[in-house]
Amino acid sequence: MELIRSLALLLALACAVPAIAEELQVGDSAPAFSLMGSDGKQYSLADFKGKQAVVLAWYPRAFTSGCTVECKSLAENGHLIREYDVTYFMASVDEVEENRRFAEETEADFPLLSDPEKQVAEAYGVLAMMGFAKRHTFYIGVDGTILKIDRAINPATAAQDMAANLGALGIPKR
């Protein structure tokens, strides 16, 4: 009888857990987004489709050590990325005002996107159990498909690595 109750409890728990979405893969369509940037502008993936590749670099949280190093890498070495016909963003689940202050402190010359509702982070599969975004970078082609997902980011060399990936993916230079 105890075994039956245990099995029933396990079955009930299994049914209560929501299904885990399939992880995005190279070749999938990138999930649509429309997010506010640290510069006060709204950015949508649809704005770039058919025009320019997009890099979306998710980071866990503004003002933390690794995220600060990564943002400064992109700010100080952004010229390497801008050699390519691409628009690039960092994105987090932080509030817009938090990202605005973070962009100012790190002298970011590119937009930091805010997803406080966490819907876009969830669609990209980067929402961690603690409610922060995982440090993953998505390379999205002009046609809106995912060209590469980098899950092993080195914050200190983020800009150099991003530029190398753009070159390896065949993103045209400006």
Side-chain angles (χ1 to χ4, degrees), residues 18 20-26 28 30-45 47-48 52-84 86-140 146-169 171:
I20 297 173
E22 271 192 49
E23 191 173 271
L24 289 173
Q25 303 292 323
V26 169
D28 289 346
F33 66 80
S34 185
L35 298 171
M36 183 64 67
S38 53
D39 58 1
K41 297 178 185 173
Q42 192 79 18
Y43 292 92
S44 298
L45 183 59
D47 295 339
F48 302 96
Q52 198 172 45
V54 172
V55 178
L56 187 59
W58 288 94
Y59 66 98
R61 190 162 186 180
F63 298 104
T64 57
S65 59
C67 298
T68 299
V69 169
E70 181 179 6
C71 194
K72 284 184 176 184
S73 172
L74 295 179
E76 293 168 3
N77 299 294
H79 63 281
L80 300 172
I81 302 163
R82 287 188 296 274
E83 290 179 11
Y84 294 91
V86 66
T87 295
Y88 62 102
F89 305 100
M90 285 182 70
S92 75
V93 298
D94 293 314
E95 295 289 336
V96 174
E97 182 58 26
E98 185 83 350
N99 273 343
R100 186 196 62 72
R101 288 193 317 271
F102 185 52
E104 190 175 288
E105 181 177 295
T106 57
E107 299 180 2
D109 57 354
F110 57 91
L112 278 61
L113 304 181
S114 294
D115 180 27
E117 302 298 321
K118 303 177 182 179
Q119 292 173 340
V120 178
E122 195 169 301
Y124 275 82
V126 299
L127 192 59
M129 286 178 39
M130 297 297 289
F132 302 115
K134 297 175 188 173
R135 192 183 311 279
H136 293 172
T137 299
F138 291 79
Y139 295 81
I140 304 167
I146 297 172
L147 303 175
K148 178 181 177 68
I149 304 170
D150 190 350
R151 294 181 175 94
I153 310 302
N154 178 345
T157 60
Q160 295 89 332
D161 298 340
M162 193 179 286
N165 282 322
L166 291 168
L169 291 169
I171 303 299

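Reckoned from all heavy atoms, side chains included, excluding hydrogens, waters and symmetry mates.
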(Q) Tell me whether the count of non-hydrogen atoms from other residues, nucleotides or ligands lying under 6.0 Å of CD in Glu107 goes above 12. (A) no

Q. What distance separates Lys72 NZ from Cys67 SG, expressed to the nearest 0.5 Å?
A. 13.0 Å

**Q.** Side-chain touch Ser92/Phe102, heavy atoms, less than 4.5 angstrom
**A.** no

Q: Answer yes or no: is there a donor N or O on one side and an acceptor on the other, between the side chain of Thr87 and the main chain of Val54, under 3.5 Å?
A: no

Q | Reported CG-to-CZ distance for the pair Asn99 and Phe89, which is rounded to 0.5 angstrom | A | 13.0 Å

Q. Would you call Arg101 and Glu105 a salt bridge, using N to O less than 4.0 angstrom?
A. no

Q) Distance from Leu35 atom CG to Leu56 atom CG, nearest 0.5 Å? A) 8.0 Å

Q: For the residue pair Phe110 and Met90, establish whether any side-chain heavy-atom pair is separated by less than 4.5 Å.
A: yes

Q | Polar side-chain atom of Asn77 near backbone of Ala159 as donor-acceptor pair, under 3.5 Å | A | no

Q | Check: Tyr59 and Thr64 side chains under 4.5 Å, non-hydrogen atoms | A | no

Q. Do the non-hydrogen side-chain atoms of Ile153 and Asp161 ever get within less than 4.5 Å of each other?
A. no

Q) For the side chain of Tyr124 and the backbone of Pro31, is there at least one donor-acceptor N/O pair under 3.5 Å apart? A) yes

(Q) Restricting to non-hydrogen atoms, name the atom on Leu80 and the atom on Ala163 that form the minimum distance, rounded to 0.1 Å. (A) O-CB, 3.7 Å

(Q) In the structure I gave you, are the side-chain heavy atoms of Ser73 and Pro155 within less than 4.5 Å of one another anywhere? (A) no

Q) Is any side-chain N of the basic residue among Arg82 and Asp109 closer than 4.0 Å to the acidic one's carboxylate O? A) yes

Q: Supply the atom-to-atom distance Thr157 OG1 to Glu70 CD, rounded to the nearest 0.5 angstrom.
A: 9.5 Å

Q: Test side chain to side chain contact (heavy atoms under 4.5 Å, CB included) on Ile140 and Phe48 and set out the steps.
A: CA-CA 10 Å; Ile140 304 167; Phe48 302 96; over 6 Å; no

Q.
If you define the side chain from C-beta out and look only at heavy atoms, does anything of Leu113 sit under 4.5 Å from Phe33?
A. yes

Q | Gln42 side chain to Ser34 backbone, donor-acceptor under 3.5 Å | A | yes

Q: Say whether, by atom type as modelled, one donor and one acceptor occur between the side chain of Lys118 and the main chain of Gly131 under 3.5 angstrom.
A: yes

Q | CG-CZ distance between Leu112 and Arg100, expressed to the nearest 0.5 angstrom | A | 12.0 Å

Q. Going by heavy atoms in the side chains, are Trp58 and Asp115 under 4.5 Å from each other?
A. yes

Q | Contact check, side chains of Val55 and Leu166, non-hydrogen atoms, under 4.5 Å | A | yes

Q.
Working to the nearest 0.5 angstrom, can you tell me the gap between Ser38 OG and Glu104 CD?
A. 10.0 Å

